Amino acid sequence: MIYLMMIDEPEQKRKFVIIYEKYRYLMLKIADDVLQDKFLAEDVVHESFIKIAKNMRNIGDVNSISTKRYLITITKNTAIDLYRIRKKNIQEEFSVDEMEGITGQVVYMESDIENVVLDAIKNLPVTYRDIFLLKYSVGMSYAEIAEVSQLPEGTIRQRVARGKKILQQVLDCM
């Protein structure tokens, strides 16, 4: 694996291989859920593993919940960044025929709204953002999130509700 060339210490290399084998399919699913494109999801997982290889010293026990959260966060943020870049680069072109019947100016484009929402989600406090993304991006149930995060289900529900409230306040100000 090319990733191993980025890591100096043998113990860190061994840990990386274990992480790769254990979490790559989860990371692929997360990236695919965000992007809805298997090929782009593979690119995201590749980029995520490069980031992980550069930061192996920040990873403790391979089987810990904090390691799993760390990997999920890196993957989601990388996928969101790629999504934003792709949306920015894709120009929606309207022909004159499509514009027929529309009076006035087009005030905004759908991709602009999506970028604002993604920015708002990315700027949520970590305690809300991670749980919010697990719920709405990955599609996990409250019970599944509670199991992964080792928090009570009621706490998960409360954090999702508070995350929604914060997002609503941010989006109302825009």
Side-chain angles (χ1 to χ4, degrees), residues 1-88 114-115 117-164 166-167:
M1 289 198 297
I2 287 180
Y3 307 117
L4 295 177
M5 293 172 41
M6 299 173 67
I7 304 169
D8 295 329
E9 301 170 23
E11 179 62 27
Q12 298 293 335
K13 287 182 181 187
R14 186 186 68 74
K15 189 187 303 185
F16 182 87
V17 170
I18 294 169
I19 289 171
Y20 182 84
E21 291 298 323
K22 184 170 184 167
Y23 295 108
R24 67 180 168 181
Y25 294 113
L26 172 65
M27 293 168 66
L28 188 61
K29 182 185 179 339
I30 290 167
D32 188 41
D33 287 345
V34 172
L35 297 168
Q36 302 296 313
D37 184 318
K38 295 210 182 297
F39 296 110
L40 290 177
E42 289 175 3
D43 290 344
V44 165
V45 171
H46 172 71
E47 289 296 320
S48 298
F49 275 116
I50 289 173
K51 291 176 183 177
I52 292 165
K54 289 179 181 178
N55 295 300
M56 279 305 294
R57 292 193 174 125
N58 295 338
I59 298 176
D61 179 29
V62 174
N63 297 314
S64 72
I65 295 297
S66 62
T67 297
K68 189 172 186 176
R69 284 185 198 156
Y70 180 71
L71 300 175
I72 288 171
T73 302
I74 287 174
T75 305
K76 282 184 186 174
N77 289 342
T78 305
I80 289 170
D81 289 344
L82 179 63
Y83 179 82
R84 185 179 303 120
I85 290 167
R86 289 187 49 79
K87 278 297 197 180
K88 188 176 182 180
E114 290 172 358
N115 286 339
V117 172
L118 287 173
D119 282 338
I121 290 171
K122 197 168 184 179
N123 290 324
L124 279 173
V126 175
T127 53
Y128 302 124
R129 180 184 64 220
D130 291 345
I131 290 173
F132 197 83
L133 287 172
L134 288 173
K135 176 70 178 154
Y136 294 107
S137 179
V138 178
M140 294 174 80
S141 69
Y142 292 116
E144 291 172 325
I145 297 169
E147 184 180 327
V148 167
S149 64
Q150 294 181 337
L151 294 170
E153 191 172 329
T155 301
I156 302 302
R157 289 179 186 277
Q158 187 65 31
R159 286 185 182 178
V160 169
R162 288 178 182 161
K164 283 182 186 178
I166 293 169
L167 277 178

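Throughout, residue positions are numbered sequentially from 1 according to the sequence presented. Here the structure is a predicted model, which means the values were calculated and not measured.
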Worksheet item: Tyr83 and Val34: which non-hydrogen atoms are nearest, and at how many Å?
Response: CD1-O, 4.4 Å

Worksheet item: According to the interplanar angle, ranging from 0 to 90°, do the rings of Tyr20 and Phe49 count as parallel (below 30°), tilted (30 to 60°) or perpendicular (above 60°)?
Response: tilted

Discussion item. Within the 4.5 Å heavy-atom criterion, are Arg159 and Asp130 side-chain neighbours or not?
Written reply: no

Worksheet item: Do Arg84 and Asp81 meet the salt-bridge criterion of a basic N to acidic O distance under 4.0 Å?
Response: yes

Discussion item. Could you walk me through whether Leu151 and Ile131 satisfy the side chain to side chain contact (heavy atoms under 4.5 Å, CB included) test, starting with their C-alpha distance in whole Å, then the side-chain angles of each, then the deciding distance to 0.1 Å, before giving a yes or no?
Written reply: CA-CA 11 Å; Leu151 294 170; Ile131 290 173; 4.3 Å; yes

Fill in: Met27 and Ile74, any side-chain heavy atoms less than 4.5 Å apart
no

Worksheet item: Between NZ of Lys38 and CG of Asp32, what distance do you get to the nearest 0.5 Å?
Response: 4.0 Å

Practice prompt. Working to the nearest 0.5 Å, report the span between CD1 of Ile145 and OG1 of Thr155.
Written response: 12.0 Å

Discussion item. So does Asn58 get a backbone contact from the side chain of Asn55, meaning a donor-acceptor N/O pair under 3.5 Å?
Written reply: no

Worksheet entry | Distance-minimising heavy-atom pair for Ala31 and Ala79 | CA-CB, 4.3 Å

Practice prompt. Identify whether the distance between the nearest side-chain nitrogen and carboxylate oxygen of Lys15 and Glu11 falls below 4.0 Å.
Written response: no

Discussion item. Side chains of Val126 and Arg129, heavy atoms from C-beta outward: is any pair under 4.5 Å?
Written reply: yes

Discussion item. Would you compute the distance between atom OH of Tyr142 and atom CD of Glu153 and round it to the nearest 0.5 angstrom?
Written reply: 9.0 Å

Worksheet entry | Pair Lys68-Leu26, side chain to side chain contact (heavy atoms under 4.5 Å, CB included): steps then yes or no | CA-CA 10 Å; Lys68 189 172 186 176; Leu26 172 65; 3.6 Å; yes

Worksheet item: With side chains defined as the heavy atoms from C-beta onward, is the minimum distance between Arg69 and Ile65 less than 4.5 Å?
Response: yes

Practice prompt. Check the surroundings of atom NZ in Lys51: do more than 12 heavy atoms from other residues, nucleotides or ligands lie under 6.0 Å from it?
Written response: yes

Worksheet item: Quick one: are Leu82 and Thr78 in side-chain contact, heavy atoms under 4.5 Å?
Response: no

Practice prompt. From the options Val45, Thr75, Asp33, select the one residue that forms a side chain to side chain contact (heavy atoms under 4.5 Å, CB included) with Leu28.
Written response: Val45

Worksheet, complete the sentence: For Gln12 and Arg57 the tightest heavy-atom approach is OE1-N, 4.1 Å

Practice prompt. Walk me through it: do Ile30 and Ile72 pass the test side chain to side chain contact (heavy atoms under 4.5 Å, CB included)?
Written response: CA-CA 7 Å; Ile30 290 167; Ile72 288 171; 3.5 Å; yes

Worksheet, complete the sentence: In short, Asp61 meets Ser64 closest at the heavy-atom pair O-OG, 3.0 Å

Discussion item. Looking at every non-hydrogen atom in both residues, tell me the closest pair between Val62 and Tyr23 and how far apart they are.
Written reply: O-OH, 2.8 Å

